[in-house]
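As structure tokens, the structure follows; a few thoughts come after it.
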Amino acid sequence: MNKILIINGPNLNLLGQREVGIYGTVTLDEINKNLAAEAAKNQVELDFFQSNHEGEIVEKIQKAPDAFQLIIINPAAFTHYSIAIRDAIASIDIPVIEVHLSNICARESFREKSITASVCLGQISGFGPLSYQIALDAAIKLLKK
Ligand code: DQA
């Protein structure tokens, strides 16, 4: 069975209570439960990892190819400055899809640039929790190919 790793970066553990005007009231747990339900319908297994620590995310990405066929990642603030996470993504040979709840191009100028997106297969940004569902849908279709 295909396995997908879902990685969420810093402060995404606070979804539902954090800047609700931007990120909404849905919690990370709720997002993950919806993803798991969708994955189960498609005979895909998901694993979830959230961390506020750059090095932990780097290590998770490095080891992912041993157990997973694809990664969906919301690097959160690391999107905009973590060369270490960018390099970790570039180092592995499984596809990575970047997601953002908010439209990072429509916010502060420092969020416009993603330094991780160019080493990902693609980026989905601006659809709230639906960004993750769109990414999962794309991932399932890609893995079926
Ligand atoms: C985010 C956008 C980032 O700029 C921000 O630092 C986040 C969340 C998003 O999902 O919209 O923490 O990745």
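Just so you know, ligand 1 is whichever comes first in the structure, and atom 1 is the first atom listed for that ligand. As a basis for the values below, the full set of heavy atoms in this structure was taken, side chains included, without hydrogen atoms, waters or symmetry mates.
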*Mind checking whether Val96 and Phe48 sit in one hydrophobic cluster, side chains of I, L, V, M, F, W, Y counted as touching below 4.5 Å?*
no
_Under 4.0 Å to a heavy atom of Ser102 - the qualifying atoms of ligand 1, by number_ = 2 (C), 9 (C), 11 (O)
*Contact check: Thr79 vs ligand 1, nitrogen or oxygen atoms, below 3.5 angstrom*: no
*Going by an N to O cut-off under 4.0 Å, is there a salt bridge joining Glu30 and Lys33?*
no
*Considering the heavy atoms of Ile104, write down every atom of ligand 1 situated less than 4.0 Å from one of them.*
2 (C)
*If you round to the nearest 0.5 Å, how far is CG of Asp47 from NZ of Lys60?*
6.0 Å
*What ring-ring contact (aromatic ring centres under 6.0 Å, His included) pairs are there with at least one residue in residues 58-88, not counting sequence neighbours?*
Phe78-Tyr81
*Does a donor on one side chain and an acceptor on the other come within less than 3.5 Å for Glu98 and Thr79?*
no
*At what distance is the nearest protein heavy atom to atom 9 (C) of ligand 1, and which residue and atom is it?*
Leu101 N, 3.4 Å
*Residue Arg18 vicinity, atoms of ligand 1 by number, heavy atom under 4.0 Å*: 7 (C), 12 (O)
*Can you tell me if Tyr23 has a non-hydrogen atom under 4.0 Å from ligand 1?*
yes
_Starting from Ile73, can I reach Tyr132 by hopping between I/L/V/M/F/W/Y residues whose side chains sit under 4.5 Å apart?_
no
*At what distance is the nearest protein heavy atom to atom 1 (C) of ligand 1, and which residue and atom is it?*
His100 ND1, 3.7 Å
*Close approach of Asn74 to ligand 1, heavy atoms, under 4.0 angstrom*: yes
*Mark yes or no for whether Asn74, through its side chain, and Ala76, through its backbone, hold a donor-acceptor pair below 3.5 Å.*
yes
*Would you say Arg107 has any N or O atom under 3.5 Å from an N or O of ligand 1, going by distance alone?*
no
*Looking only at distance, does Val99 have an N or O less than 3.5 Å from an N or O of ligand 1?*
no
*Considering heavy atoms of the protein only, find what lies nearest to atom 4 (O) of ligand 1 and give residue, atom and distance to 0.1 Å.*
His80 NE2, 2.7 Å
*Linked, directly or transitively: Phe127 and Ile31 (ILVMFWY side chains, under 4.5 Å)*: yes
